[in-house]
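Have a look at the structure below before the remarks.
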2 protein chains.
Amino acid sequence: MNTNGGRRRAAKPPTIHDVAREAGVSRGTVSRVLNGGHYVSPAARESVEAAISRTGYVVNRHARSLITGRSDSVAFLLTEPQERFFEDPNFNVLLRACTQSLADHDIPLLLMIAGTEAERRRITRYITAGHVDGVLLVSSHTGDPAADQLRDAGVPLVACGKPIGHTGKVSYVAADDRDGAHDMVRHLYASGRRRIATITGPLDTPGGIDRLAGYRQALAETGLEADERLVATGDYTRVGGEHAAERLLAAVPDMDALFVASDLMAQGALTALKRANRRVPEDIAVGGFDDSPAALATTPELTTIRQPWDRIASEMVRLLLAQIGGADTSAVILPTELVSRGTV
Amino acid sequence: MNTNGGRRRAAKPPTIHDVAREAGVSRGTVSRVLNGGHYVSPAARESVEAAISRTGYVVNRHARSLITGRSDSVAFLLTEPQERFFEDPNFNVLLRACTQSLADHDIPLLLMIAGTEAERRRITRYITAGHVDGVLLVSSHTGDPAADQLRDAGVPLVACGKPIGHTGKVSYVAADDRDGAHDMVRHLYASGRRRIATITGPLDTPGGIDRLAGYRQALAETGLEADERLVATGDYTRVGGEHAAERLLAAVPDMDALFVASDLMAQGALTALKRANRRVPEDIAVGGFDDSPAALATTPELTTIRQPWDRIASEMVRLLLAQIGGADTSAVILPTELVSRGTV
DNA sequence: CTGAAAGCGCTTACAG
DNA sequence: CTGAAAGCGCTTACAG
């Protein structure tokens, strides 16, 4: 029977003091078993653990944070215009994977979205005030001041994707963009195609630059002509892909393959190709990049390059926790994998 | 010059004590201007504010939380199997809108995803230990024990969508499912269709139940025959919609309209219709529900019922903050809107 | 290995 | 309106 009459939290949760009394030890001893159990006798540890489970004790993080100066939480900071977050399933996948990886360490993820300059300032201020121990940063474009500001403030930071212009100063985890693009173009070549066009990402993003480099490298290796009309620049959006495909259709009507630097753009490109009555893959082969949910939404399903999102997330978390623990900045490049479906 | 030699945070951030010294007042006075400014003279307030901006002081939330017993943060708890979160853009939209609404109140959102029973237990324990002030709950299926557990623990809670079996005990915000479905079916009728089928959501979800009810009501009003073969049950996934459409095609080949209880399922249904060589909207009209990004990914684009996600989010936040402040549970039903595009 | 004590940075009655 | 003081729940040297 609830006798304290409150509608809110039932009773005050037990404190370390309650546990100490139950276990017949001092609060210091309880704290020691809580924090690794060093310098604690087996007997003491045992009775403390029994007392903890009897009382249902859970540490008060605020008290702990006040003294340790750490928050035991991490921010997932997205500095992208809101449309992209809505549209691109990659964010979804990465966010979920990071949440899960952190949960494995019992660390909550604070989601922060800086879609505007004002929001970015507010959030940067919040973070540099020490409310989180570190930041997982997701923003592909160059010229984003968040990375610099946070780094200058000494905030542990790991970016997703190589932060252009900050290499060596900011830790990051990325898929091997160049290698993945290269593999796809070789795959298109192996399927017999000889007029291979590409739709790139924005050329101020690592995915834009490096996937184009992989495309060019494969062309050079195979001895295909590097016709600049075969290259159209996209913006990672579906309609951007659609428009870029239309431009290519007009400029190089004889193209027989198309490597698109993201699945979402590939989805748009497929729409344009269909409208132009090009059959895929009979008349033109199409290869994407990401293996995002968008790759399964097309007809036929998209042949693409898989980015290992789960590993990207877990490596980001690993690097961040290491950095919080004092480790230096570093970078991890993860291999990609070609996923063969219906468009090549 | 950085003389403290640390690689981490530059210097110790200023405390309330520093501000008090700068302003020439006591720490209590600083705290009072921080907390609403009651019982503070204009002069004192002014010098405190000047000192705050001079020192760049930001309150230490852990110290504050330790004493107030509040965390000044809110959890966004998703108890859905991971596939749905990946696939359904609605989660994306709602999550972002909630993050934004909370940011307006300067409250960080903790993202928690309970895909498994073990995760649910861990998260429930964390939440009931008082690490967040309240919970925004997203889980449509009945039989989810999270809502009951949190409510029993006295945790302020607002669900997205009517929590079946908990009505009246759990606050919630929802779109008017029945009304929206009704409008769409009337719209299909108005376009001249007379054999109107439907693909429902799971019948243990409010969207499954209420949208079907709206469909039936519209059929009754228009005097159309309520043929049970016109009703197929889906599961809110794309392939689920595809399979349901195939079943309908086989059972009622003469159907000339299809109301699908989610855009994602409608996307799948469109695939099935196309394979069956039914032209949309010429041979068969299709109406969706949600106005999610999926509605723009189809050809032609999907005529659908818009759920007002921004308002849903802001109402959820408003209700939750009220409840944290001591208000009673309550429910908000928001109107929907028909968005006419290419499939009707 | 263990206890007693100081102190993290704040808020909040309590006197004035 | 304002200051001095207690105390939130924990961790961590410091003695033993």
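Letters go in sequence order (proteins before strands), and every chain restarts at 1.
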Where chain A begins and ends its contact with DNA chain C, read 5' to 3' at 4.0 Å from heavy atoms: C/dC1 to C/dG9

Can you give the dot-bracket line for DNA chain C, where a pair is Watson-Crick or G-U wobble with both atom distances under 3.5 Å, crossing pairs use [ ], and | marks a partner on another strand? |||.||||||||.|||

Result for side-chain contact (heavy atoms from CB on, under 4.5 Å) between A/Leu77 and one of A/Ile127, A/Leu136, A/Val138 points to A/Ile127

Which residues pass the salt bridge (charged side-chain N to carboxylate O under 4.0 Å, His left out) test with A/Asp72, sequence neighbours left out? none

Is the A/His131 ring parallel, tilted or perpendicular to the B/His62 ring (thresholds 30°, 60°)? perpendicular

With the threshold set at under 4.0 Å for non-hydrogen atoms, list the residues of residues 41-53 of chain A touching DNA chain C in residue-number order. A/Ser41, A/Ala44

ring-ring contact (aromatic ring centres under 6.0 Å, His included) partners for B/Tyr57, two or more places apart: none

Spacing of the P atoms in C/dT2 and C/dA6 (rounded, Å): 22 Å

Inter-nucleotide P distance (C/dA5, C/dC1), Å rounded: 23 Å

Among residues at least two apart in sequence or on other chains, which ones pass side chain to side chain donor-acceptor pair (under 3.5 Å) with B/Ser171? B/Gln323

Which residues share a salt bridge (charged side-chain N to carboxylate O under 4.0 Å, His left out) with A/Arg64, sequence neighbours left out: none

Take B/Gly28 and B/Ala63, find for each the nucleotide of DNA chain C with the closest heavy atom, and name the residue whose nucleotide sits nearer the 5' end. B/Ala63

Residue whose nearest DNA chain C nucleotide is more 5′ - B/Arg27 or A/Tyr39: A/Tyr39

By salt bridge (charged side-chain N to carboxylate O under 4.0 Å, His left out), which residues pair with A/Arg27, not counting sequence neighbours? none

With sequence neighbours excluded, give me every salt bridge (Lys or Arg N to Asp or Glu O under 4.0 Å) pair touching residues 315-325 of chain A. A/Glu315-A/Arg318

Take atom P in D/dG9 and the same atom in D/dA13, then report the distance between them in whole Å. 23 Å

For B/Ile67, check side chain to side chain contact (heavy atoms under 4.5 Å, CB included) against everything at least two apart and list the hits. none

Heavy atoms under 4.0 Å, any strand shown: does A/Ser31 hit a base, just sugar-phosphate, or nothing? base

Applying salt bridge (Lys or Arg N to Asp or Glu O under 4.0 Å) as the test, list every pair that has at least one member in residues 122-131 of chain B; sequence neighbours left out. A/Asp106-B/Arg122

Quick one: list whatever passes salt bridge (charged side-chain N to carboxylate O under 4.0 Å, His left out) with A/Asp104, sequence neighbours left out. none

